[in-house]
Amino acid sequence: MTNTLYSLDALGTPLAFFLALLIGSGFGFALERAGFSSSRRLAGVFYFTDMAVLKVMFTALITAMLGLSYLVALGWVRLENIFLMPTIYGAEIVGGLLFGVGFVMGGWCPGTAAAGLAAGRMDALVFLLGAIGGSVLFNELFPVIGPLMTAGDRGVQMAYENLGMSRKAFALVFTLVAVAAFWLAEWAEKARMGRGPYLGSPFLKAFSVALIAVAAGLFVLPGGGAGMGQGAPAASDEKALLAKVDQAGDHIEPEDLADRLMAGDPDLVVVDVRPVSEFGAFHIPGAINVALPELADALQPHRNKGTIVLYSNGMTHPAQARDSLQRQAFDNVYLLTDGLQGFRDRCLKPVSLRTEPLSAAAAARVTAWRAFFSAPAVSAKAGVAAAPASSTKPRAIETDRLAAQLGASSIKIIDLRPQPEYNTAHIPGSLSLNVESLRGNVEGVPSMLLPTPMLAAQFSLLGLNPSDTIVLVPGDKFHDANLAGMAFERLGHLNFAVLNGAYAKWDQERRPTDAALPAVTPSSFPALRDADRFTVGYRTVASGLGKPAPVIIDVRPSDFFSGKKSDEARAGHIPGALNRPYTEDVVAGTNKVVTFKPLDALAAAYARMIPSRDTEVIVHCRTGHQASQTYFVLKHLLGYSNVRWYDAGWTEWAARRELPIVNEAQVENPAK
Amino acid sequence: MKTKNNKDNTGSQPYSNPYLAGLLLGLVLLASFVVLGAGLGASSGIARLGAACSLWCFAPHTLASEYFGKWGDQPLKYYLVFMLAGTLVGALISALLANRVRIQVERGAKASVRLRLGYALAGGVIVGFASRLAQGCTSGQALSGGALLLTGSIVFMLCVFAGGYAAAWFVRRQWHD
């Protein structure tokens with residue numbers, strides 16, 4: 001199994017640039033060999049004078065498709081490790097039609113024009129300059145055509161699934177269509193141009209047979225490869241299923257499951273099919289609860305990706321559910337041998353209560369399982385499996401990463417949206433939290449992050465533990481996630497991530513949701529008192545005035561910074577403060593999707609404001625809410641080491657009349 | 001500037017068997033999937049050049065724009081820009097080996113250079129725009145997405161051919177001999 005640079009999130013590294021250069025060279029070489037450095041040859045396909053475009057393109061497509069299918073079937077490559085573009089019907093249909101018009105007009109497409117330029121074609125150079133201009137035009141028109149970009153967005157769609165076919169059947173049909181197209185193309189060239197060197201030639205015959213044979217070969221491969229779509233029900237599939245049942249190849253042993261859960265295997269989806277009440281009373285940590293009728297829908301995102309394990313008290317219901325799923329083309333569903341009872345007896349039963357003798361190694365395994373599965377709080381102390389968690393830094397997490405880890409027992413998702421939205425649908429397993437419940441009046445100043453014991457009490461009621469990885473999911477206010485992050489940071493819990501794109505992105509990508517309230521066992525979250533070394537008061541801020549450091553960054557909108565607008569005791573800003581509105585650090589896309597700007601853009605912007613990475617920086621806004629986002633960007637995304645947060649912010653500063661201010665707008669102070 | 005069609009006169013070698021060239025292209029694409037975890041792409045590199053130009057002329061406006069703004073102030077630090085550079089290098093090597101480098105405007109014998117370059121420019125603008133809209137071109141969407149059997153990519157490919165055949169008659173004069 002190989003990781004790709006995409007799956008390692010390493011496409012932005014120098015290594016990736018170098019490899020892309022190499023692969024690009026192969027691409028350019030192949031294009032030029034094919035004669036795609038000639039616009040006349042390219043345009044020929046539209047006049048049936050030279051069908052090379054069709055021949056080369058379909059041969060390449062079929063080659064890569066079959067090659068990839070084999071690699072996936074053999075388990076050497078996983079489709080999840082490859083970037084799959086979403087299907088957006090509106091953008092792709094309109095874009096495709098326009099593209100075709102531009103292609104036949106210009107006689108080039110982007111890749112071939114690069115090859116043409118290398119071969120000295122000046123029309124390719126002009127075409128490329130036009131394409132650069134067209135990209136700039138697109139950027140300028142983006143605000144107008146934005147809605148078209150997402151029109152008919154269906155997320156990742158596989159053609160064979162849409163047609164109700166298995167992947168290999170579709171691959172074979174596609175290959176047959178391509179071979180037929182090759183013969184038609186040769187025939188068209190002969191009919192129109194009087195030459196068709198390959199029509200009926202031994203080469204084309206042999207080539208056609210070879211392609212079809214390779215495509216047909218997919219059917220004789222072992223079906224066990226992860227990530228391959230199995231077909232609609234067929235007699236052979238039923239036979240394969242029965243064979244698997246015969247060899248108990250459809251089972252997973254409790255010991256194996258326990259080990260994989262402890263290792264935090266992200267490919268594992270454990271599904272408890274018992275009633276909610278029983279699930280609430282006890283379940284295997286990390287399992288999700290799905291009622292039988294909803295099983296196929298709920299598991300759709302995991303179909304033929306990773307391992308799905310079904311369990312109940314016994315074996316009958318899961319076995320029947322597995323058969324049903326198999327008929328719906330799920331090929332990665334396993335049963336937990338002996339069900340929950342087996343898991344209890346074989347993994348969780350204390351060594352002292354066992355009748356059979358255990359070796360020392362086996363006894364140690366049992367002890368480790370018990371520590372991990374019986375009480376989450378205990379597992380953190382035992383340091384099993386979750387050990388690196390506490391050293392993990394706050395970060396942004398992408399939706400696909402979260403989706404891959406969904407169901408892992410160590411992940412706690414906290415949904416910060418208003419309750420009606422949470423109640424309607426949320427990421428499975430999410431806990432609801434109103435971010436305002438983390439703030440209150442502290443010693444006369446409103447909207448302050450609450451003191452440590454009060455935050456710890458709330459996290460305990462949510463059943464959170466120091467070993468958990470917290471994923472914070474904001475709604476319309478993206479910076480809600482950062483304010484909640486401040487609460488975790490105040491307690492010294494740095495293992496949290498902010499969902500980049502907010503809930504809207506998850507929703508837009510049609511990832512799984514449910515409306516169940518998760519089962520929570522109250523915990524006792526430790527109230528570390530000295531973890532918060534980043535919150536500062538007005539005295540600290542005032543004592544730094546007039547000195548080169550700290551750099552004070554006011555993240556409020558610029559009208560409030562200048563004093564043009566005010567809803568506080570005084571208008572303006574702290575003397576010497578710089579203004580960088582928090583909205584500058586994010587990109588608000590369509591459909592409420594908000595993401596952080598790329599790191600290089602953020603780094604460049606702040607490098608202009610802050611002399612060095614260890615310069616002391618104080619961020620503030622009006623109440624501390626918006627500034628929590630800038631704090632996160634500076635400290636955790638960009639690695640500034642000395643960032644402080646003036647939580648009381650302009651609310652307090654403006655109200656304390658002894659503190660100096662600058663009012664650029666010279667607005668008459670309404671309070672006077 | 002002299003013009004002439006491709007299989008000619010001046011000692012350049014004929015193009016490869018299209019099926020074998022296609023096979024080579026398919027293997028390069030497969031390598032891209034396995035190593036990078038992403039397919040081939042050309043239009044992204046071009047769009048990033050566009051962003052760099054835009055940035056060079058109007059930096060604040062570009063950084064504030066919704067589409068290019070996401071790419072930051074160093075849009076060229078992106079793997080597909082390097083792939084585009086590689087495409088030029090690889091094609092140059094192949095063309096040199098086959099003695100096919102000719103400075104020329106390729107067109108029909110009866111068509112003027114102006115007509116051909118006009119069409120090339122207009123076609124380029126449309127293609128540059130359309131490949132941003134569709135998030136890819138013949139390389140990134142049709143070829144790479146098609147090989148992954150993605151529905152949208154196959155729909156895109158069919159639409160490219162539909163658009164091309166629909167417009168072909170109207171722009172045929174540039175190839176008249």
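Every value quoted in this text rests on a predicted model; they were computed, and no experiment measured them. Letters go in sequence order (proteins before strands), and every chain restarts at 1.
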What closest approach, in Å, do G111(A) and T87(B) show between heavy atoms, and which atom pair accounts for it?
O-CG2, 4.0 Å
Is it the case that the ring center of F207(A) lies less than 6.0 angstrom away from the ring center of Y19(B)?
yes
For chain B, which candidate among G106(A), A601(A), G12(A) shows the most heavy-atom pairs at distances under 4.5 Å?
G106(A)
Decide yes or no on side-chain contact (heavy atoms from CB on, under 4.5 Å) for L121(B) and F127(A), but give the supporting numbers first.
CA-CA 5 Å; L121(B) 184 68; F127(A) 177 91; over 6 Å; no
So Q157(A) and T151(B), side chain to side chain donor-acceptor pair (under 3.5 Å) or not? Walk me through it.
CA-CA 6 Å; Q157(A) 294 280 327; T151(B) 307; 4.9 Å; no
Taking the six-membered ring for Trp, are F99(A) and F129(B) closer than 6.0 Å centroid to centroid?
no
Between R121(A) and E106(B), does at least one N-O distance fall below 4.0 Å, as a salt bridge requires?
yes
Before giving the answer on side-chain contact (heavy atoms from CB on, under 4.5 Å), spell out for S131(B) and F138(A) the whole-Å C-alpha distance, their side-chain angles and the decisive distance to 0.1 Å.
CA-CA 9 Å; S131(B) 42; F138(A) 176 83; over 6 Å; no
Of the backbone (N, CA, C, O) and the side chain (C-beta and beyond), which part of R48(B) lies under 4.5 Å from a heavy atom of chain A, both, or neither?
neither
Backbone N/O of A119(A) and side chain of R100(B): donor-acceptor pair under 3.5 Å:
no
side-chain contact (heavy atoms from CB on, under 4.5 Å), that's the test. Do F83(A) and S144(B) meet it? Break it down for me.
CA-CA 10 Å; F83(A) 172 60; S144(B) 304; over 6 Å; no
Would you call the rings of Y165(B) and F48(A) parallel, tilted or perpendicular, taking 30° and 60° as the class edges?
parallel
Proximity of F18(A) and F82(B) rings by center, below 6.0 Å:
no
Would D177(B) and R40(A) pass as an ion pair if we require N to O under 4.0 Å?
yes
Under 4.5 Å from any heavy atom of chain A - which part of A85(B)
both
With a 3.5 Å distance limit and no angle check, can you tell me whether D600(A) reaches the backbone of G72(B) through a side-chain donor-acceptor pair?
no
So which of F596(A), F170(A), W108(A), Y47(A) has the biggest tally of heavy-atom pairs under 4.5 Å with chain B?
Y47(A)
Side chains of S135(A) and R132(B), donor plus acceptor under 3.5 Å:
no
